[in-house]
Structures are given as C-alpha cells and as structure tokens.
Amino acid sequence: MKNTCLLLMLIVWSMACSKLSNLEDWEVSNYQPEIAFPLVNSSTTLQEILESVEDLSDIVVDPDGRIRFRYIGDILTRTSDDIFGTLSSALPPLIPVSSKKMPLPFNLPNGVKIDRVDLKKGDFVYYIENPNLEAIKVQVTFPQMLKAGQPYTFSVDIPAYSGSGARPSASNQLTPASIAGYSLIPKNDTVYIEYNAVTPSGASVNAGLFLVRITDLQFSYAEGFFGSLLYEGGRDTIGIDFFQNYIKGNIYFADPRVSFFLENSFGIPSRSIVRDFKVFTVDNRALNVESVFLRNGIDFPYPTINEVGQVKRDTFTFNSTNSNLDVVFGSGPIAVAYDVDAFTNPFGDTGLKGFITDKSFYRVQVQVELPLYGRVSNFLAEDVYDVDFSQYKNVKQLEFKVVADNELPLDIAIQGYFLSGSGQVLDSLLKPVEQIIPGAQTNAQGISTTPSSKTTLAGFDEIRFARIRTAKQLRLQASISTENSNPGKSVRVLAQQKVNIKVGAKVIIQ
C-alpha cells in the first residue's frame, strides 16, 4: 500500500483531480456560453479518510488521535529441538563396554552439566559374547537410569563356549528394549553402565565382546546448567513503504521506535545478541543502528525452576534516547534488517540451575513504528492517475477555484503533469507549482492551534485545454513541508485534524 500518498494524495486529489469525473455534468443541452458550478464542498478528517481505506494494516490511530505507521517483521523462533538435538547426538552410535563398571561416553558441549533428563523415547540394543567354557548369566544395570526410583536392569543367559568357532552370544537387536519413561540422574556428572557375569558355580567372570547402542533418544524434560552457548536465531528484513513514492526531500521523525517483542519458555537465563541491525535508505546506503544495548545485549525474561510450562514475555524498545534511530530514520528508510542470536547463561553462574522441556521455545518479533511527529522539508512524492477529456469537445476555457481551510500543520504544494498515451508531457496543471494548502500554526507540543486558509485559481484557456484533451494520465506530485508555517519545529499530524475543501469550476463553452 502506498501509505505516503494515502495521507497526502487523498487530500490533494479530493481538491482538484479525483472530481474530474464531474465533468460529465458540463454537457448541458442549451450550451450556455459561461457556466459556474461547484465540484467539491467537503470537510474531512484524516480519521474519515483512513476509515475509507480497505487495508490499514500498516497504520495505527491511537485513542488520542496520534497516527503511527507500523511495520512488523516475521517471528524468529527457536525450539527445544535445537538443544535436545545436541543431547540426542551426545552418545556415539556404538559403545564398547570394556569394564564391569564404565561411564557412558556422553559428549556434551563444554560447560553443560545435566542433573536430570526425562526420556520420552529411546531404544536400547545390546550384543554380548561369552568367551568362558561355562554358561554365564549376565546382569546389566544402569544405576543412574531410574523409573519410580528403580534402576533399569535386565539379565540374559548365554551358553558355554566350546573353545573353538564362534563364541555364543546374546542380543536383542531384532527387538530393541524401550527406555521411554526413565530418567537419567547422573552421579558426579556421569551415567554408568554396570554388568556382572556369573557362572552356575557362582564364579564372577568377564564377558567377551560387549556392545551397546542407544538410539532415537527423545527427551521431555532436562534440568541442570546448560552452559554459556550461542544459538543462532535468524535474520529478517522489514520493508518500509513510507518512501515508496518518494522523489526527494528530507523528513525527520522525532520519535521513531523499533520494538523487540520477546517470548521465552526456556528456564535458562539467556541474552539476545543482535548481530546485525541496519537501516537501508532510498539513496542505497546501509546505516548501522547504534546503541549500548546492542553492544551489551538484551536479556530474555525466563521462567524459574518452579515455573515449568510458563511463558515469560517482555518488550524492549529502541528509540531516540537510547540509540541513533532518529538519525538513521531521517535518511529515507526503505527497509530494516536484523540478525538476532541467543546466548545462554551470559553470567556463567554454574550454580543457577535451569530447565528445558520438549515444548520450550523462544520467539523474537520486531516492530518498526514511525509516528507522524517530526519535521519535513520539500518532501516530494508522486503518483499517476488515469484521465479522459476526449468527449469534451466544446470547452473553450476552464478555470478551477480551490478554497482550502486546513488544521494540518503541513504546507502542501502540488503540481500535476498531463501525459499522453506514450507518456509524453502535454502540459502542467499549475503554472507555476503552487502551495495549495498552507500549514496550520502549532503550539509548543507541535499540535495545530490556528487553521490556515488559501484560495487558488487554476485556469485553462482554449489552447491549453485543446492540448490536454488527448491526455490519458495525470502525474500528480505533492510537496510537503513544515518549514514555511512551522520552521524548525516538530509537529504532530492527528486523526481528528480537519481539512475543508471547496472546489468550483467555471467553464466557457463554444
């Protein structure tokens, strides 16, 4: 949506151009040589104009009438899979058991210490050979893998070895054992596997080749210290169409805002790290947003160990007091790009226990707001509209009369160019460009107090009207400024401010 022209062109167009369709009323049967009649007699506010527009997704009107352009980025989300995926791959695919009590070789990221992990899925497969000349009963136990307080354990009988050929073995490879519902509760950060092989005579012996595979691990809950680790969040770009019809000029937003909406259900202290935060401008520049909060990061809200399942929310807003937003957004922004990562346990406090569940997530969404409060100088925008004068063959002379009463603190000058079907300029609407609507005077808060008034005449003699009779389009330009009526002052454009327009026409018919 062309929001710049939405607020500006609707006013100007209602004055002079959109009512050109009323020329149909000029075809009078008695061909009076001179006719004067009104075309427009209207009083409107920006609120009424906005209510007539179908798509207002980028415009917000506050209860006090303040108008904001709002642009919202995509939601950047990271889930527990990013961390549980790390835990799931912590074990090698095949584990040789080399002693009767051996720690499982978990390979966790540096600094991660797990106090408890609840398993919602997982398969355990074993293969055990017997090198002994007697049969053995092998009992395998995981003392730190518990369900209802009892460790995971099983036993298997393996026949005696004959002394030659393949050794007898036992395996559950075809029917893996499920370890879902068990909890891993490490001892001194370690989970052990233990076995005991006993002969019928009661002698304790060693098993032969003993292999273990734990696969398809999925966790429902984990608790502990999850390290100070960086997790990539994602990059997004927000397009800003305020300058879509921009040609030239300067605009200063007195109170631009970029808000980061944070949601987090990870029970882990985390800090968002904004890796990249740039504003791209109409003149192909990329300007860095600068702030101490970008250098230091923004802390996520997070639930404590006693708030499992809760989602914490917070909002952090960059503005002109804590960043250089007023500078970079005064340069004709067309897009904002940012890259946000997350850094866990930024303070490195290993005594602070956290948690994650299989439903944990964090989300970041960015919103750009440009309130219509600031200063403008020679801000020129344009749009193109279809026209058709070909049926008016008896017009000798035409004159528009525009009377404008304005509560907006904006000086508006317009110029239009009538174009042929090939885009050639046939003539201009005004000679020269003229300030149709002077801006209203404002108080110290930038709110208009004294409406302005102006009467403007735009005439077309027979030669000029003949020149534009074949026009197919009107390229309308609106130049907006605050420097004539409110020099050096930031002004507010409010929804309830009125513009009263009266447009009359006088036509001489051959």
Side-chain angles (χ1 to χ4, degrees), residues 75-90 104 106 108-122 142-152 179-192 217-233 259-274 293 296-317 340-365:
I75 297 176
L76 304 179
T77 303
R78 287 296 177 267
T79 67
S80 54
D81 290 341
D82 298 301
I83 294 178
F84 279 158
T86 300
L87 298 177
S88 298
S89 59
L104 290 178
F106 279 100
L108 296 173
N110 186 34
V112 175
K113 296 182 178 181
I114 301 299
D115 296 334
R116 171 186 165 189
V117 175
D118 295 343
L119 304 176
K120 68 176 183 180
K121 194 174 182 181
F142 289 85
Q144 285 77 47
M145 188 159 66
L146 307 172
K147 179 187 286 188
Q150 299 300 311
Y152 179 84
I179 53 177
Y182 281 84
S183 295
L184 297 176
I185 304 178
K187 180 179 181 181
N188 298 324
D189 303 322
T190 305
V191 174
Y192 291 93
L217 282 180
Q218 294 184 25
F219 307 91
S220 59
Y221 179 84
E223 186 177 300
F225 180 75
F226 293 90
S228 298
L229 304 173
L230 183 68
Y231 292 91
E232 292 188 2
S259 298
F260 283 70
F261 298 97
L262 310 173
E263 289 185 298
N264 183 29
S265 61
F266 285 101
I268 307 172
S270 302
R271 177 171 293 168
S272 64
I273 304 298
V274 183
F293 294 100
N296 296 339
I298 305 167
D299 289 334
F300 277 95
Y302 68 94
T304 66
I305 198 77
N306 299 318
E307 297 175 317
V308 177
Q310 294 188 28
V311 179
K312 298 293 184 174
R313 297 174 175 86
D314 199 4
T315 301
F316 184 88
T317 299
V340 183
D341 297 336
F343 186 67
T344 59
N345 293 298
F347 303 106
D349 183 0
T350 58
L352 185 61
K353 303 303 180 183
F355 72 88
I356 50 179
T357 75
D358 56 344
K359 295 180 174 59
S360 293
F361 66 89
Y362 76 80
R363 296 179 183 139
V364 178
Q365 188 172 40

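Along the sequence shown, the residues carry numbers beginning at 1. Atom set for the values below is all heavy atoms of this structure, side chains included, hydrogens, waters and symmetry mates excluded. Here the structure is a predicted model, which means the values were calculated and not measured.
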> Step by step, would you call L119 with L217 a side-chain contact (heavy atoms from CB on, under 4.5 Å)?
Replying inline: CA-CA 7 Å; L119 304 176; L217 282 180; 4.1 Å; yes
With rounding to the nearest 0.5 angstrom, report the [atom1] to [atom2] distance, [X] to [Y].
| X | Y | atom1 | atom2 | value |
| --- | --- | --- | --- | --- |
| T350 | K113 | OG1 | NZ | 6.0 Å |
| T77 | R363 | OG1 | CZ | 5.5 Å |
| M145 | L104 | CE | CG | 8.0 Å |
| Y362 | I268 | OH | CD1 | 11.0 Å |
| E223 | T357 | CD | OG1 | 12.5 Å |
| Y221 | K359 | OH | NZ | 14.0 Å |

Is a donor on one side and an acceptor on the other found under 3.5 Å between the side chain of [X] and the backbone of [Y]?
| X | Y | answer |
| --- | --- | --- |
| N345 | F347 | no |
| D349 | G351 | yes |
| T344 | L229 | yes |
| R78 | E232 | yes |
| S265 | F361 | yes |

Requested in this report: May I ask you to decide if the ring planes of Y182 and Y152 are parallel, tilted or perpendicular, using 30° and 60° as cut-offs?
Outcome: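 Y182 vs Y152 ring planes: perpendicular.
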Closest heavy-atom contact between [X] and [Y]?
| X | Y | result |
| --- | --- | --- |
| R313 | E263 | NE-OE2, 2.7 Å |
| P151 | P143 | CB-CA, 4.0 Å |
| P301 | N264 | O-ND2, 2.9 Å |
| G111 | F225 | O-CD2, 3.1 Å |
| D115 | G224 | OD2-CA, 3.6 Å |

List the steps, then state whether side-chain contact (heavy atoms from CB on, under 4.5 Å) holds for V191 with F106.
CA-CA 8 Å; V191 174; F106 279 100; 4.0 Å; yes
Tell me, do [X] and [Y] make a side-chain contact under 4.5 Å, heavy atoms counted?
| X | Y | value |
| --- | --- | --- |
| V308 | Q310 | no |
| V340 | I273 | no |
| V364 | I75 | no |

Would L108 and I114 count as a side-chain contact (heavy atoms from CB on, under 4.5 Å) here? Give the steps.
CA-CA 9 Å; L108 296 173; I114 301 299; 3.9 Å; yes
- Item | Test log, rule side-chain contact (heavy atoms from CB on, under 4.5 Å), inputs L76 and Q365 | CA-CA 6 Å; L76 304 179; Q365 188 172 40; over 6 Å; no
Next on the checklist: Applying salt bridge (Lys or Arg N to Asp or Glu O under 4.0 Å), can you list everything that pairs with K147, at least two apart in sequence or on another chain?
Outcome noted: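 Per chain and number, K147 pairs via salt bridge (Lys or Arg N to Asp or Glu O under 4.0 Å) with no residue.
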- Electrostatic pair D118:R116 at N-O distance under 4.0 angstrom: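 Salt bridge present between D118 and R116.
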- Taking atom types as modelled, is there a side-chain donor on S360 or S80 under 3.5 Å from an acceptor on the other?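 Short answer, no.
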* Y192/F142 aromatic ring centres below 6.0 Å ->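 Here the rings of F142 and Y192 have centres that are no less than 6.0 Å from each other.
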| request: From the options F293, F260, F261, F300, select the one residue that forms a ring pair (Phe, Tyr, Trp, His ring centres under 6.0 Å) with F316. | output: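 The single option meeting the ring pair (Phe, Tyr, Trp, His ring centres under 6.0 Å) with F316 is F293.
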